[in-house]
4 protein chains.
Amino acid sequence: MKKREVLTSIKDEKLIVERRNQMIKGAVTLFKEKGFHRTTTREIAKAAGFSIGTLYEYIQSKEDVLYLVCDNIYDEVRERLEEMVVDRYTISELQQAIQHYFKVVDELQDEVLVMYQEAKSLSKDALPYVLKKELDMVEMFKVIIEGCVENNQFALTDKEISLFAHHLFVQGQMWAFRRWWLQKHYSLEEYTNMQLDFLLKNFSFQQLCEGETV
Amino acid sequence: MKKREVLTSIKDEKLIVERRNQMIKGAVTLFKEKGFHRTTTREIAKAAGFSIGTLYEYIQSKEDVLYLVCDNIYDEVRERLEEMVVDRYTISELQQAIQHYFKVVDELQDEVLVMYQEAKSLSKDALPYVLKKELDMVEMFKVIIEGCVENNQFALTDKEISLFAHHLFVQGQMWAFRRWWLQKHYSLEEYTNMQLDFLLKNFSFQQLCEGETV
Amino acid sequence: MKKREVLTSIKDEKLIVERRNQMIKGAVTLFKEKGFHRTTTREIAKAAGFSIGTLYEYIQSKEDVLYLVCDNIYDEVRERLEEMVVDRYTISELQQAIQHYFKVVDELQDEVLVMYQEAKSLSKDALPYVLKKELDMVEMFKVIIEGCVENNQFALTDKEISLFAHHLFVQGQMWAFRRWWLQKHYSLEEYTNMQLDFLLKNFSFQQLCEGETV
Amino acid sequence: MKKREVLTSIKDEKLIVERRNQMIKGAVTLFKEKGFHRTTTREIAKAAGFSIGTLYEYIQSKEDVLYLVCDNIYDEVRERLEEMVVDRYTISELQQAIQHYFKVVDELQDEVLVMYQEAKSLSKDALPYVLKKELDMVEMFKVIIEGCVENNQFALTDKEISLFAHHLFVQGQMWAFRRWWLQKHYSLEEYTNMQLDFLLKNFSFQQLCEGETV
DNA sequence: TATGAATGAGAATTCATTCAT
DNA sequence: GATGAATGAATTCTCATTCAT
């Protein structure tokens with residue numbers, strides 16, 4: 001899927017990147033605080049540090065800002081996820097990947113929340129592109145899980161692998177979108193450990209059973 | 001927490017209920033389609049079958065409609081959840097409860113989605129009340145899980161029980177809010193079975209271990 | 001050609017007519033003074049005697065105002081033209097019709113000018129409808145001229161009749177759109193007489209020739 | 001009337017002429033297509049082949065472009081009209097002049113139309129100057145007609161001569177501004193011949209009458 | 001109670017013009 | 001001389017809310 005272009009009348013590529021970053025930064029703060037719809041374009045321009053006229057030199061409509069924000073957050077999360085090095089495909093590595101992912105969500109929780117709550121306001125045009133990015137990230141988990149399965153760490157059918165990947169992904173997001181309750185009652189470490197514990201028991205059980213059957 | 005009152009200038013209680021139900025019904029359809037912010041009060045009035053003037057006889061602001069809608073959806077989901085009869089607190093009963101809950105989510109998925117996506121637009125005033133309702137529902141799961149633990153079906157700490165309840169609750173919602181992917185690849189039955197399978201293995205493992213240690 | 005509808009959210013038909021008339025009256029004055037593009041919707045609303053919000057209850061876009069104005073002016077001119085009673089189809093009657101038409105243009109010259117100068121700003125959608133109205137008026141002249149021809153007042157081919165009708169029509173408008181010069185140098189009467197004189201000589205000549213050839 | 005100056009910050013006279021010609025050429029195309037008000041300065045600059053900054057080096061305001069365009073079109077039309085050589089002041093020469101004028105209008109019809117429709121948007125400042133140019137052109141016809149009268153080709157009072165000149169001028173423009181109808185039904189030749197026929201009958205009649213009275 | 005016309009603050013977007021490079 | 005990024009006043013249009021009938 002080709003990247004959806006946001007049109008601009010500015011020619012200086014470097015400037016486009018710079019201004020859009022300012023814009024995104026300001027917008028995230030505002031969206032976080034009051035949501036996309038309650039944020040005005042003037043507020044976005046102001047938060048970005050330039051005039052409303054300048055804002056519109058870099059985008060075509062307010063929705064473009066939302067798109068840029070979502071796009072950017074996905075890239076940020078993804079980039080952070082790609083830090084994980086997984087090569088041996090053991091349960092232990094999966095565990096580390098999950099820990100890493102939860103940590104990333106925790107650090108970028110405002111962004112994750114914004115993306116989560118506002119993505120639905122994207123136009124029919126932009127939505128598929130953003131959903132594609134989400135699936136790409138889910139895919140990263142899928143690859144790890146598949147690796148573990150191939151590596152006989154545990155047994156899962158293809159359908160189970162996919163669902164499990166989604167499941168993990170949502171479990172991470174959950175730390176952000178239910179923070180109003182979770183973060184009042186658990187530390188990130190507690191949350192991570194409890195979720196991991198739950199998952200790993202499962203796989204240990206599998207291994208145990210296999211061991212027994214032998 | 002006392003129910004947040006939505007003021008009205010109408011005396012006839014029965015009329016209030018009737019009109020509000022019309023209003024909620026119309027609003028859910030509209031919110032589902034275009035979201036709270038993109039829906040106008042005129043559209044809500046029209047969908048409800050009366051005039052904009054009448055709408056404002058029964059509410060004080062547009063946000064009241066959102067509140068009524070969210071409130072109503074929670075009540076509806078809750079009502080459906082209360083159909084479950086749990087008295088013996090066995091794993092099998094927990095399993096049935098989950099199955100029932102997933103079915104309810106599936107049947108009310110539009111409503112669940114609306115609530116899920118629009119609740120954040122509630123005012124600081126109304127939000128706590130709605131979150132309270134959500135916690136009440138989570139509590140229903142907690143009670144069942146606690147019962148099972150007391151009943152030695154499996155062992156969990158208090159913190160684990162709470163998290164598990166939330167986890168289940170989100171897993172159900174997930175069927176609605178990720179339907180763009182899940183429902184393309186799985187039937188409700190598949191989804192339910194796979195999730196249950198995963199949970200139950202876990203508990204079976206516990207029982208197995210316990211059995212062994214004895 | 002069906003009348004192009006201008007959408008409104010108002011139900012009271014009488015009110016629509018009343019408000020639109022206020023709107024048209026105000027708009028004509030403003031368009032006359034500064035043209036369509038330099039007139040703002042707020043000015044139109046103010047000139048009409050109501051708020052900008054009310055203005056938009058009766059139209060959908062600024063262009064609707066222009067359409068209503070043009071439409072209205074055509075109707076007004078046409079109505080005035082229909083006062084002419086032509087039944088004997090003599091040169092003398094044609095002459096009277098022309099005199100009447102020139103008088104109407106003179107009386108409605110602001111309107112004629114507005115229509116003349118702003119019609120081109122109508123959307124591709126509305127333009128054909130307005131041009132149709134113009135042709136309808138040209139047709140009125142054509143009918144008279146045709147009658148005269150059938151009545152042997154003078155001889156013209158069909159193509160000549162059409163052109164002559166357009167010619168007369170433009171000659172009338174000319175009194176309005178070149179008023180910056182014409183009305184400084186001629187009275188309406190002078191203008192009318194001179195133009196008539198010119199035309200009638202022509203037809204007298206024909207009759208004379210025919211007389212001679214016989 | 002002195003030529004209205006359009007200020008510029010550029011010293012190089014040749015460059016001024018060159019850039020302005022580019023500008024005018026681009027602007028005519030755009031004005032033709034969407035009118036003065038709907039054309040942006042950026043579009044003009046682009047069509048002219050240079051930047052918006054450069055555009056403003058050669059003019060002071062958008063309206064200057066309109067003025068330059070109108071001025072230029074008049075010059076162009078005038079230049080073409082001056083090709084006509086009239087020296088004997090006969091009806092036949094008048095006829096040729098008219099034919100030539102109609103041909104010029106036909107060839108420059110886009111320009112004539114632009115001038116016709118947009119001149120009214122000129123400021124109070126520039127308008128008189130442009131109207132003066134128009135009168136100058138009318139004057140060219142007046143000179144020919146006067147010559148003919150002096151030459152006893154036909155008899156007209158001074159007032160009639162002026163009106164006749166305007167009349168001819170408008171008749172030519174009419175071919176452009178009513179092209180939506182005329183050019184669908186007549187070729188330029190037909191149109192010219194019919195209009196000439198009409199005029200000349202008139203004068204022939206005069207001559208005939210004069211002949212008779214002698 | 002019900003209606004729907006009226007209101008106007010507020011929002012997105014445009015675009016002529018400027019000015020530093 | 002040329003460029004094009006920056007500006008913000010101005011404009012169109014929307015829509016929640018009110019209130020007279």
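Since this is a predicted model, take the numbers as computed values, not measurements. Below, read A as the first sequence line, B as the second, and so on, with proteins coming before strands; counting in each chain starts at 1.
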- Query: Between the side chain of B/Glu63 and the main-chain N/O of B/Ser123, is any donor-acceptor distance below 3.5 Å?
  - Reply: yes
- Any strand: nucleotide that pairs with F/dC13 via Watson-Crick or wobble, under 3.5 Å: E/dG10
- Side chain of D/Leu15 - closest among F/dA5, F/dT12, F/dG1: F/dG1
- Message: For C/Tyr129 and C/Tyr67, take the angle between the two ring planes, folded into 0 to 90°, and tell me which bin it lands in: parallel under 30, tilted 30 to 60, perpendicular over 60.
- Response: tilted
- Message: Of the options E/dT14, E/dA11, E/dA5, whose atoms approach the side-chain atoms of A/Thr40 most closely?
- Response: E/dA11
- Message: Tell me the interatomic distance from C/Ile44, atom CD1, to F/dC13, atom P, rounded to whole angstroms.
- Response: 10 Å
- Message: Distance check needed: E/dT14 C1' versus D/Lys62 NZ, whole Å only.
- Response: 11 Å
- Give a yes or no answer on whether the side chain of C/Lys62 reaches the backbone of C/Phe36 with a donor-acceptor pair at less than 3.5 Å. yes
- Message: Distance check needed: F/dG1 C1' versus D/Glu18 CD, whole Å only.
- Response: 13 Å
- Message: So A/Ser9, base contact, sugar-phosphate only, or nothing? Heavy-atom distance under 4.0 Å.
- Response: sugar-phosphate
- First of C/Gly53 and B/Ser51 reached from the 5' end of DNA chain E, by closest nucleotide: B/Ser51
- Task: Using whole Å, report how far CD of C/Glu63 lies from P of F/dT11.
- Result: 19 Å
- Using atom CG of D/Leu7 as one end and atom P of E/dT18 as the other, report the distance to the nearest whole Å. 13 Å
- E/dG8 OP1/OP2 closer than 4.0 Å to side-chain N/O of C/Tyr56: no
- Contact class for D/Arg19 vs. all strands (heavy atom < 4.0 Å): base, sugar-phosphate, or nothing? sugar-phosphate
- Note on the structure: From CZ of C/Arg38 across to P of F/dT12 the rounded distance in Å is 13 Å
- Message: Pick the closest DNA chain F nucleotide for C/Glu57 and for A/Gly49 by heavy atoms, then say which residue is nearer the 5' end.
- Response: A/Gly49
- Task: Classify the nucleic acid contact of C/Thr54 as base, sugar-phosphate or nothing, counting any heavy atom under 4.0 Å across all strands shown.
- Result: base
- Just checking D/Thr39: base, sugar-phosphate only, or nothing, at a heavy-atom cut-off of under 4.0 Å? sugar-phosphate
- Using atom CE of A/Met23 as one end and atom P of E/dA12 as the other, report the distance to the nearest whole Å. 14 Å
- Closest non-hydrogen atom pair between A/Asn72 and A/Asn21, with its separation: ND2-OD1, 4.3 Å
- For the side chain of C/Ser61, counting heavy atoms from C-beta on, which of E/dT1, F/dA6, F/dC13 is nearest? F/dC13
- Are D/Thr41 and E/dA16 close enough that a side-chain N or O sits under 4.0 Å from OP1 or OP2? yes
- Across all strands shown, which nucleotide pairs with E/dT21 by Watson-Crick or G-U wobble geometry, both distances under 3.5 Å? F/dA2
- Take D/Gln60 and B/Arg42, find for each the nucleotide of DNA chain E with the closest heavy atom, and name the residue whose nucleotide sits nearer the 5' end. B/Arg42
- Closest nucleotide among F/dG4, F/dC13, F/dT3 to the C/Ile52 side chain: F/dC13
- Note on the structure: For C/Glu111 and C/Ile73, the nearest pair of non-hydrogen atoms, with its separation, is O-CD1, 3.3 Å
- Message: Strictly distance-based, threshold 3.5 Å: is any side-chain N or O of C/Arg4 a donor or acceptor partner for the main-chain N or O of C/Asp125?
- Response: no
- Message: Output the rounded distance in Å from NE2 (A/His37) to C1' (F/dA16).
- Response: 16 Å
